[in-house]
S.K.: 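Handing you this structure, nothing more for now.
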Amino acid sequence: MEWANIVIQGVLIGGLYAMFAAGLALIFGVMRLVNIAHGDLIVLAAYIALMTTDTLGMNPLLAILIVAPIMAAIGYCLQRALLNRTLGDDLLPPLLVTFGLSVIIQNALLELFTADSRRLSAGAIEVASFPLAPGIWIGVLPLLQFVVAVAVIGALQLLFYRTAFGRAFRATADDQSVSQLMGLDNRHVFALAMALSLTVIAIAGVFIAVRTNFDPAIGPARLIFGFEAVIIGGLGSMWGTLAGGIILGVSQAIGAQINPGWQLLAGHLAFLLILALRPEGLFPKVKG
Amino acid sequence: MTASFKVEHATRSSRIGMAAFAMALLLLAAAPAWGGRDDLRLLAEIYAYVALASLWNLLAGYAGLVSVGQQAYVGLGAYVLFASTILAGVHPLLAVPVAGAVAAIVALPVAGLMFRLRGHYFAIGTWVVAEVFRLSASQISALGGGSGISLPASIVTAMAPSRQLREFLIYWVALALMVAVLAAIVLLLRSRYGLALTAIRDNELAARSSGVDVTRTKLVVYILTALGTAMIGALIFLQKLRISPDTAFSVNDWTAFVIFITVVGGIGRVEGPIIGTIVFFLLRQTLADLGSLYLLMLGAVAIAVMLLAPKGIWGFLAGRFGWQLLPLERRLRFAADARTT
Amino acid sequence: MPEPLLDVRALDAYYGDFQALFGVSLRVAAGEVVAVIGANGAGKSTLLKCIAGVIPSRRDAILFDGEPIGDAPAHTVVARGIALVPEGRRLFSSLSVEENLLIGGQLGRPGPWRLSRIYELFPTLAARRRVPSTSLSGGEQQMVAIGRALMSNPKLLLCDEISLGLAPVVVRDVYARLPAIVSEGSSLIIVEQDIVQALKAADHVYCLQEGRVALAGAAATLTREAISAAYFGA
């Protein structure tokens with residue numbers, strides 16, 4: 001029974017990891033950019049949520065409605081003003097610029113908020129849980145977060161494959177020069193993609209803020225979890241990313257159960273194992 | 001009939017550069033005579049960063065392997081040194097090459113895994129590896145676990161009878177190691193491997209179709225870089241006399257600063273890291289009191305350089321004036337040609 | 001004489017330091033079909049790319065509907081009514097046939113061309129609308145590429161080597177649709193290595209040789225000898 005609870009917890013947090021991954025994979029798909037500052041942007045969203053709840057006194061989960069548009073705007077401007085200038089054949093500029101961005105965000109947050117651990121309170125929902133079966137309990141908040149994560153991924157799939165918007169993203173991802181012949185302005189498309197990624201990050205950031213203690217330094221670990229979920233799941237598949245996140249979450253949960261100090265290590269080892277045995281991931285998208 | 005030819009490497013500016021280099025070297029070797037304890041520590045730190053940045057430059061700027069996880073080998077080297085001296089009784093200075101050897105062996109399977117990832121994903125993958133090393137190190141209770149361990153006095157005194165002599169010894173080894181790393185890099189670049197590397201740096205696809213074994217070349221560079229980085233890491237922590245997983249595998253100290261140095265100094269040029277280290281330490285001496293603001297500014301400067309002057313300071317100067325500090329050019333001199341080009 | 005739809009005046013084009021076009025002038029009237037022929041490397045594709053805005057030019061070197069568009073970026077040129085069918089088809093590989101067509105209509109320019117009309121023009125595509133574009137034959141892909149460009153309801157359609165890599169039967173099939181395109185209101189510039197096909201389809205012909213216009217005139221009036229001389233250089 002204990003193991004069932006462990007696995008369920010792992011699955012639920014896997015949803016969160018899948019959200020980290022979705023934002024990362026989206027950007028890579030559309031413009032071949034890996035944003036090293038991805039994790040730090042999640043933390044930034046958490047701090048924006050903190051400021052929002054402090055000034056407006058609202059429930060953090062509702063604060064998503066304010067944090068998301070702010071982050072989307074930041075994403076659009078960031079891409080247009082800075083990151084569009086790094087895109088090209090050379091992979092060093094975007095990598096190094098986003099690395100620099102990561103350093104800047106972390107230290108700016110450190111200056112503004114100090115290294116103190118923070119956490120947002122969502123009220124009674126945090127401790128509420130209900131029994132799924134005899135001896136198996138599910139926390140309401142983790143379940144809510146998982147459901148939202150699945151919904152977000154589903155929404156992204158829908159967006160990409162059933163809307164004109166998504167068609168524009170996919171076309172630009174396929175061929176940046178020919179997409180211009182369709183009337184698409186690459187600078188604008190990329191900026192929209194980044195805005196979308198940061199919207200997903202905003203949701204993830206608020207969830208983090210409520211679920212764990214956060215401080216300016218936890219960004220890189222989130223980047224790594226997102227990245228591992230992408231690789232485990234397989235590039236080019238949103239649902240694969242969900243699977244990857246779940247596998248990562250479950251590995252960590254099992255590792256933690258064996259020995260608390262092994263939680264992160266277990267996740268990394270699962271990732272390395274998949275990399276060794278099936279580098280294309282478990283559910284890679286096969287192109288027609 | 002084939003003409004016989006020689007390959008020449010030196011240029012006028014590189015001869016000047018080499019001469020200046022040699023003079024500087026003599027001056028620095030004599031530092032124990034004219035410098036105080038703090039000066040020696042600072043210089044040793046500078047040597048370490050020049051060497052680390054030069055190796056990162058070789059990996060990223062020449063072989064195209066952008067790693068943000070070299071701290072894995074800094075920490076690995078340091079931990080092998082502490083482990084072999086504390087647990088196996090190896091002499092501390094001998095433990096430095098031992099650390100390099102272990103790193104070279106470890107680098108092989110790591111490369112096997114990491115080479116399955118491309119470009120940006122490779123970069124993050126190397127970070128994961130560093131995290132694995134860090135987390136594993138904190139599990140080793142014999143070496144202090146998560147809080148780390150200090151080098152026992154008995155081992156420290158085994159190096160030399162007096163503290164002063166010990167510090168001189170570490171200083172000279174640090175200087176020698178930097179020179180050895182630079183020399184090895186220059187020799188590598190002058191060899192056929194180096195030609196392959198420069199081809200890969202300029203255009204990997206073209207290099208591959210010209211017959212260059214790109215994967216093997218990258219593997220060799222990855223292993224050699226791991227070896228060098230580990231030896232430097234071992235020496236750094238031998239000087240610090242104390243180790244912990246967070247300091248040994250620090251992303252900030254061993255990757256962020258190294259990247260800053262290489263980017264600002266000039267990627268893909270051997271002289272770059274030297275210039276970059278000087279700039280970095282000048283900034284540090286003047287601004288480090290500002291704490292996180294200082295780091296923030298470093299990040300901003302790196303971004304600005306990357307966008308506005310992507311070849312770095314040295315790249316700009318070399319491009320503009322054709323300077324070269326080190327003899328790395330290749331010119332063919334035919335036996336029949338009496339003129340100097 | 002009425003204003004030409006497209007007026008290219010002394011156009012120069014460069015790839016870095018390499019000059020590909022030298023003072024090329026060309027005119028297309030409304031409702032006209034113009035063929036541009038020439039050997040490989042003569043600059044034909046370059047000319048189309050300049051007109052489409054893929055390669056930037058001097059602002060007043062290219063006038064469309066009286067407006068200077070030489071330096072306009074590609075995504076704005078489409079909005080003005082010039083569509084390019086790129087060399088080699090260049091369909092979007094992760095989009096289906098229908099999605100490729102739909103994205104051509106992204107801008108929503110008004111006009112006769114919509115999905116149903118495209119399927120009327122190319123009936124074989126209707127049956128394969130959901131199929132990934134990459135699994136079509138060469139001829140079908142060419143039809144999708146043309147259809148995609150038509151979806152933006154262009155006043156001027158630029159066709160870059162649409163016969164390339166296709167069997168003669170298929171080429172004739174594709175060319176057979178061109179009159180329908182013209183009758184719906186688009187002018188055409190076709191770049192071709194297949195001289196016979198180009199001469200049959202065109203009203204006016206320009207022959208490029210090493211970046212310069214070597215011959216220009218009404219298709220009916222040009223002799224074989226004159227074309228040969230211009231094509232290969234006397």
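Sequence lines set the chain letters: A, B, ... in the order given, protein chains first and strands last, and positions in each chain run from 1. Any value given below was found using the heavy atoms of this structure, including those in side chains, with hydrogens, waters and symmetry copies removed.
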S.K.: Quick check for you: to the nearest 0.5 Å, what is the distance between C:Asn100 atom CG and A:Asp174 atom CG?
M.R.: 8.5 Å

S.K.: Out of curiosity, C:Leu84 CG to A:Met182 CE, how far, rounded to the nearest 0.5 Å?
M.R.: 8.0 Å

S.K.: Are more than 12 heavy atoms, taken from residues, nucleotides or ligands other than C:Gln19, located less than 6.0 Å from that residue's CD atom?
M.R.: yes

S.K.: Just wondering, do C:Phe92 and A:Arg167 contact through their side chains at under 4.5 Å, heavy atoms?
M.R.: no

S.K.: Tell me whether A:Arg170 contacts the main-chain N or O of C:Ser94 through its side chain, where contact means a donor paired with an acceptor under 3.5 Å.
M.R.: yes

S.K.: Applying a heavy-atom distance below 4.5 Å, give me the residues of residues 64-80 of chain C that approach chain A, sorted by number.
M.R.: C:Ala74, C:His75, C:Val78

S.K.: Heavy atoms, side chains only, cut-off 4.5 Å: are A:Leu184 and C:Gln106 in contact?
M.R.: yes

S.K.: Is C:Arg58 atom CZ crowded by more than 12 heavy atoms from other residues, nucleotides or ligands, each under 6.0 Å away?
M.R.: yes

S.K.: Can you name the nearest heavy-atom pair linking A:Tyr161 to C:Glu99, along with the distance?
M.R.: O-OE2, 3.9 Å

S.K.: Looking only at heavy atoms, what is the nearest atom pair of A:Leu181 and C:Pro86, with distance?
M.R.: CD1-CG, 4.2 Å

S.K.: What verdict does the side-chain contact (heavy atoms from CB on, under 4.5 Å) test give for A:Val178 and C:Arg148, after you've listed the backbone C-alpha separation in whole Å, the side-chain angles of each residue and the deciding distance to 0.1 Å?
M.R.: CA-CA 11 Å; A:Val178 176; C:Arg148 183 179 64 176; 3.6 Å; yes

